[in-house]
Structure formats: C-alpha cells, structure tokens
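First up is the structure itself, then whatever we jot down about it.
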Amino acid sequence: MTTEERSSNKKTTGYDYETLQRKWPARWSEMNLYRTQTDPRRPKFYCLDFFPYPSGSGLSVGHLRNYVPTDVVSRYKSMRGFNVLHPMGWDAFGLPAENFALRRGVHPRNSTEENVTNYKRQMGLVEVCYDWEKEINSSSPEYYRWTQWFFLLLFERGLAYQAEGQQWWCPECMTILANEQVEDGRCWRHTETFVTKKSLKQWYFKITDYAEPLIKDLETIRWPDHIRKMQLNWIGRSEGCEVVFKGICPDGNPVDLPIFTTRVDTIFGVTYMVLAPEHPLVERLTMPEQRQAVDLYLEEAKRKSEIDRTALEKEKSGVPLGSYALNPVSGEKLPIWIGDYVLASYGTGAVMAVPAHDTRDFAFAKRYGLPIREVILPAGNLKRDQAENRYSLPDSLEESEMSEAFVDYGVMVRSGDFSGLGSKEALPILGEFLEKNGAGRLKINYKFRDWLISRQRYWGAPIPIVHCPDCGAVPVPKDQLPVILPDMKEFKPSGTGRSPLANVESFVKTPCPKCGGPGERETDTMDGFACSSWYFLRFPDPTFTKGPFNPEAVRDWLPVDLYVGGAEHAVMHLLYARFWTKVMHDAGLIHFREPFTELRNQGMLLGSDGSKMSKSRGNVVTPDEVVVKYGADTVRAYILFLGSFESEVPWSDEAISGVFRFMHRVYDLFSRFPPGFDGVQDESSLLDPKLRKELRYWTHKTLKKVSEDIEGFSFNTAVAALMEFYNKLQSLAGAPHVVATETWTDAIRTFLKMLAPIAPFLAEELWEKLGFTREGLTVHRQSWPVYDPAALVTEEITYPVQVNGKIRDKITVPADLKDSELKDRVLSSPKVQPWLEGKTVKNFIVVPRRLVSIVVG
Ligand code: ANZ
Ligand code: ZN
Ligand code: ZN
C-alpha cells in the first residue's frame, strides 16, 4: 500500500490508527489496565511465554505468533473474570548473549540492556499487555543469587556433582557443550562447526535420578503429543537385563564383563562380544599380538562422531582383542572385539553380539566372517502345548543360511532347557535364572545422561563453590550469596578449557567457608538453562528478597496454566524445568510436580518467499515496518488470521491488506449507524420478529464460536467468524429502524467485546464513540458475554394451547425444547394462567408439533 492509498483510506472511513495508538495507551496506563489483579474471589490464570533471550536483531513478526495469541488469551480470560498473570522477562545470561557481545566488542551487560529496551519497545508496538511491574532479568544479581541458591539445593540433595569425563567441546564457543547442544555432530550455535571431545572435570545435575517421574508425569499434563514423544525418546527408557560375562585376561585371570541387553532370550546365540573402544577393560583384555592393531583402531575411533558411529547404514568396523569371554548361561567361549558401533556411554559400554537376531551384529559378523547362530524361530508354524506353556519343536532343526537378522520375538531353539519357550515370555524367566546364579539381573536402562551444567565462559551465574585443599568442594554459605560475577573487560574464552574468571585473582582467592584456610572459587559458570529452569516461580513476586520466590504468591499462582513458545525447546528447557520442579517439590518447597499444565507451540512464520525468515535472505519482516503501515490492530488480527496456530505459514502482504480493509469497514459501519439508546420500549413495532431472531441468532452463534475458538487456540477461525458476523450486520444495517433497537445495540456491543482482545484500539475507540462507556469506561474491563443456547435454535414451532378444549393461547418455542421446559413455559404464560387459577392440572398433553392440551378440574 502506498502512502496515498493509506491517507485516502483514512479519509474515507475515519479509522485513523495512528491517532488511536497515541490516544489510548496513556489512558489504559492511567486505568492500570495491565496491572495483575489479585481479587481473591476470582479464579487465577497464569499465562506465560517462553523466556526470551533478547537478541541483537530484535523481534520479527514471527515472534508475534507467540506473543499476540497469549495476549489475546490473557485479555479474554481477564474479561471472563480471571485474575490473570501475564509477565515478561529476559533470559539474559548464556552463550548467545556473550557471543553477541564479543562480536560487537561490547560488554554483554550493555548489549543486553540495549536489546531489552528494544524488545520492550517492539512489544509495545502491538500493545501486548504484559505487567511490566513483574519484569525479571536472569543476569541481575538479585536474580542469579537465587539460581545459585538452587545450585546449592541440588548440591545438598546429592544432585549436583563433579566428574571427569570426555566432553563435547565446541572449538568456536571454546566451551563444553551438553549432549543436547550437539546436533549431528555439530554445535547448536555454530551449525558449521564439528564438535570434538575433550577430557575435563565438569559439574553435572543428576537428572537421571528423576527418569521415572519425568516419564510418568507426562501423562498428567496437556502437552502436544510430539513434544511428549520427543521427551520419552530422549529419556530412552528400555527394559532389559544386565548379564555378567567373564573375560579372561592374557594372564589367565577372569574379570567381570557386564553387558546390557534387551534380548536376553537370544543369549544362546551370542557368538562374540564387542566393547566400545573407550571401554576401561580394553587395555587389560588386549593380547600382546593384537596390541598394534588395537592402538591403530583406537586412534581412528576418536575422530568419529557418535552419530556416525551408530548410524545403521554406516559400515561397522572393529578389531579382535585376541582374548575370550565365557557365556554365563551356556559356558561357551567367545572372542572379544572392540567396535565403534558400541557406545561407551550407553548401558555398560559392551554388548553380547547375536548376529542372527540383531541387524548391526549381523552386518559386523558378515564383514569379519564370524559365526551366525539362529536361536529364535518365527512362532508361525509351531504348535504350542498349552499345558506345558511351550512350543513343540521338530526333532532336528535344519541349518539354513540367513540373509538378514530375524529381529522379532519368536520361539527359543538351540537354547538348552529353555528351548521351546516363547522368547518374549522367556525374558523374566531368564532374568530370574541369571539372578539366582549370580550372573545378572533384570535392569532398566535410560539413554539420557546427567545434565552437564558447567561452562568455561564468563557470562553466566558463577557456580557457588569454593575448592579447598583440605575440605574439597565446599558450598558457599547461602547467606553469602550472590557470588558476584566480577566486571571484566577481557572475557573472551581462552580455549584452554578454563573460564576467563580464572584470571581474576580477586575473584578466585577466597578463604574456605569451612576451615578458613586458603581456598579457590570455582571459576566455571552455569549454563543459561539453569536460569530458565525456575524463572516462572519468580514472576508472581519478582522483588521478593527472603527467598527465590514468595511461597504465598506461588501458592496462589502456580503452576503455569498456559505456556507458549517454539517447538525447538522440546528436550532441553522443557525437560530441565520439569526436573527442577520435581526436586523442589521433593524438597517441600512447592505444592505441584509439573510446572506447565498446558503447553502450545506456535508454527513458524516464513518470509513471503516461503522460506525461513533470515537476514541473509533479506525476507525478514519487522513489527516496526508493518505497524507503521497498517497499525497494531491490523497486525494483531492478521497474525491470528493467517493460518492455524500450529502451522507453518508464509507472510502475505495481500492478506494483511485484506485484514486492514476489514478494520476500516468495521469502523465505518459502526460509526455510521450508532445505536439508538433511548426510547425504544417495544421494539417489535420497529423490528420484524424474523429479523430480530436472525440478528440474535448471529450474535450468539458468533459469540459461541469465538469463545470456543479462543479457548481452543483456533484464532484464525475466531477472526473469520467475526468477519462473517460483520457481513451479516452490514447486510441488516440498511433495514428500516433496525439500528434503533436494543437487539441491534446488543449485537454491536457483543461484537466490540469480542473484538477487544484482538484489536484493542479499534474496539476501545468504537466503545467510546458509540456511547457504551455508560456501561463502563473501557471495553477491556467488560465481562465476556455468555451465549444464549436458545438463540441458536433456528426452527421454531407455534403450539396452540387448549385449556379444557378451548384455545386460550399460542406459544412459539424452539423445536428442540424439552417437554418439561415446554410445560414450564405454557404454565407460566400470562394468557393461560387465569384459566388455571384455583384449579389443579389433571392432565398435560403434548401432541408433538401440533398441540398442547391441558385438562384442569
Ligand atoms: C543382545 C541383543 C540381541 C540385542 C538381539 C538386541 C537384539 P535399546 O533398546 O536401545 O536399549 N546395546 C547395548 N549397549 C550398547 C552400547 N553401549 N552401544 C551400542 N549398542 C548397545 O538397545 C539395547 C540393545 O542395544 C542391547 O540389546 C544391545 O544389543 C545393544 F537380538 O543385546 B542387544
Ligand atoms: Zn559453538
Ligand atoms: Zn577447608
């Protein structure tokens, strides 16, 4: 749209959004419209957006797909009589903020402040109703003091520990990354950069202790199925057995070699063993003649990523160690190999290889000419002896070459006393057998690892620990928090594996809190995800000083009723926050186990070219430009209207122009036909009953639809319903006297209330202009109307009503009215009542669709 068009639009309709955007915010602020209400008689609604990192590039219209819908729901709930908490804050610590500051050559504190100011300004452009009195910033000492407090809570509960290990290292970030921050062998922040492994002492949170509740409680929350599935897969629970094989060392001594398997029913089919190259027993189990080949192989394995190593399609490689292991069930002697398809970090880092029934073992055996022994047959053709709970097997089994592994359950064969058992039923039987013989037990394994929390970076909450040569790792006493992050000019990571804080002597040197001797502060900082694991507890009372959160306010407001943000946080943040919540619950600090009752993920907003918005493509649309061009009401309505909330949709200039015209038309129609408030006593003389009914039908039908759609996150259809309703009103507005009636007034009043959460300026302006302020100063504090189901009934029946055989009245009711309600209406009719006075109703007969007959005596 050109400037001329824009100004001509203004001329024709008078809808001047710029004036409205100047006029209303000041008044709303005088009314304290966005201040969180705490009326104890009202139910509460806590609506939260994902904690944003205030990035240097500011908001694009894509972000509005998060913020506008939650704003609409908050406004709607508030009109429905809820106390609504809708706060906003800044996830300001962490790598992204620090990397941004490094690129710009400024201090992250300054760049963060600048970015926050810009975010707030942009959010204001579309009038998102955050209560800014609740604002928090995770990089402020008042906040991170409590992040440190939680670290100590976890430490006290044995859930924070230090361990040395091979860690993912991003050479660009120059820090350790958590497993979750590595995607396809690359850094999540540097998608071009392959990560490597580095051995370092690190801090971990023991999230694996909470595997079961993290799985189980997923059933208690209303979250998208795909997010729940991703969490389940990430946790990766699998039921199986730990089986202890005996490895024979070159010197003849036995050593325990435990493995984890989900298919212990295949144990008679093991033909060799495979250890991960990093397995601690590799050294001891290597025969001298294999030493050289083994060393060579270990060198190669270091260079491959985990993904490459386990991918099914990659060729499996390995080397024999030259030593053997004994199968604890069959006593058989098995060659031990190392192979990089076995991961050091899963199970026990070793497998019993069953090439006949495992695809990867099969490929490996084929490649190296290892034996393949079939021990499970498909149950299909075998007969089952019910009394014995076994299958009858033929006397001799044919040997046939397998072309691929048979991986399903079936019937055990060539398995000693266990032959004939259904292989699935045999799992617990074998588990018990192993346990009795001290050679293993049933076991549940989880894929996910403990949460690696320490970062060798500057911009984070310092880990509140002092290392003392005598006392070890000593927690900083809680009353000495926060451990202040010192101001540093040179905070670029050195790449040595130590945090830049290690260079600040005044920070590092400190007495041991326990013995008073010379100690050294931990110089690692916490991963930014620690800050966002509890922030939702802080919002209800963000200035509370006696603890991380105000327990009373938390009792009133938590858990979060509605949590909205992008689907990219399926495992990290959303799993960590659930974990911390459970820990706090177990510590008796809070009354709930799950932080976010309902979760919604918005779909991505693409550029108008159909690809992801990005600076380099030049297809980014900012709120700034479109608000100037179309106004906040239109931008909001368009964001809601452009597709279903979850779907990926492209930006369209044409479509937003359509919504823009809609705003103009609404303004135009309602200001041309103001309601006739006074003097309409009996509107039946003005309004044809059929028209009246039609108008009521549309009002209540739209009301029902819009209410249900907002509740169900179907904003596009809610806007569409308003558009349809507008068309109806427009078509009726011309009819004589319609606009003077109460029915018309009610239709407009209802329309404006429904428009209010979506287009707050236009709705408010019309509310005032049409004189509705006599019902309350602002449309935004009106209560949401309740629809009348009776108005939705389209078919009506007129019943003649007889009393003792004589017609006394005609009564028109909805066709689907229940008999009991029909009776109530008939008996209360003013025309019927005189005939009933002083008498008793002996019989009440309804002839469906024809007649009502009353017999009195
Ligand atoms: C013998 C066997 C026979 C297996 C068979 C499967 C089929 P999930 O379900 O993912 O838990 N495994 C165990 N530890 C491993 C490791 N560190 N690296 C790679 N693979 C490992 O998978 C468990 C199965 O994965 C285990 O069961 C083991 O192979 C393999 F017919 O043991 B199985
Ligand atoms: Zn990186
Ligand atoms: Zn000490």
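Remember, it's 1-based here, ligands and their atoms both numbered in the order they're listed. What you see below is based on every heavy atom in this structure, not just the backbone, and it leaves out hydrogens, waters and symmetry mates.
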Applying a heavy-atom cut-off of 4.0 Å, say which part of [X] lies close to ligand 1: side chain, backbone, both or neither.
| X | result |
| --- | --- |
| Val351 | side chain |
| Thr261 | both |
| Val354 | side chain |

Which atoms of ligand 1 are found less than 4.0 Å from any heavy atom of [X]?
| X | value |
| --- | --- |
| Phe260 | 11 (O), 13 (C), 26 (C), 28 (C) |
| Val342 | 16 (C), 17 (N), 18 (N), 19 (C) |
| Asp358 | 4 (C), 5 (C), 6 (C), 7 (C), 31 (F) |
| Lys447 | 8 (P), 10 (O) |

Any chance you could measure [X], atom [atom1], to [Y], atom [atom2], to the nearest 0.5 Å?
| X | Y | atom1 | atom2 | value |
| --- | --- | --- | --- | --- |
| Cys241 | Arg263 | SG | CZ | 12.0 Å |
| Ile453 | Ser533 | CD1 | OG | 7.0 Å |
| Asn233 | Gln231 | CG | CD | 10.5 Å |

Residue-ligand contact Asn445/ligand 1, heavy atom below 4.0 Å |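 Distance cut 4.0 Å: Asn445 fails for ligand 1.
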
Name, closest N/O/S atom of His190 to the Zn ion (ligand 2) =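 Atom name returned: ND1.
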
For ligand 1, is there an N or O atom under 3.5 Å from any N or O atom of [X]?
| X | answer |
| --- | --- |
| Tyr346 | yes |
| His357 | no |
| Ser238 | yes |

[Y] six-ring centre to [X] NZ/CZ under 6.0 Å and within 45° of normal:
| X | Y | result |
| --- | --- | --- |
| Lys478 | Trp149 | yes |
| Lys333 | Tyr324 | yes |
| Arg373 | Phe268 | no |

Check: Phe418 ring centre within less than 6.0 Å of Phe433 ring centre =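 Ring centroids of Phe418 and Phe433 are less than 6.0 Å from each other.
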
Give a yes or no on whether a salt bridge exists between Glu490 and Lys492, defined as a side-chain N under 4.0 angstrom from a carboxylate O.
->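 Not counted as a salt bridge, because no side-chain N and carboxylate O are separated by less than 4.0 Å.
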
Quick one: do Arg455 and Asp527 make a salt bridge, cutoff under 4.0 Å?
->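 Yes, Arg455 and Asp527 are salt-bridged.
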
Work out the angle at the Zn ion (ligand 2) between SG of Cys187 and SG of Cys170, rounded to 10°.
->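 My answer is 110°, to the nearest 10°.
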
Winner among Leu343, Val375, Asp408 once heavy atoms are compared against atom 16 (C) of ligand 1 =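 Checking each option, the heavy atom nearest atom 16 (C) of ligand 1 is found in Leu343.
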
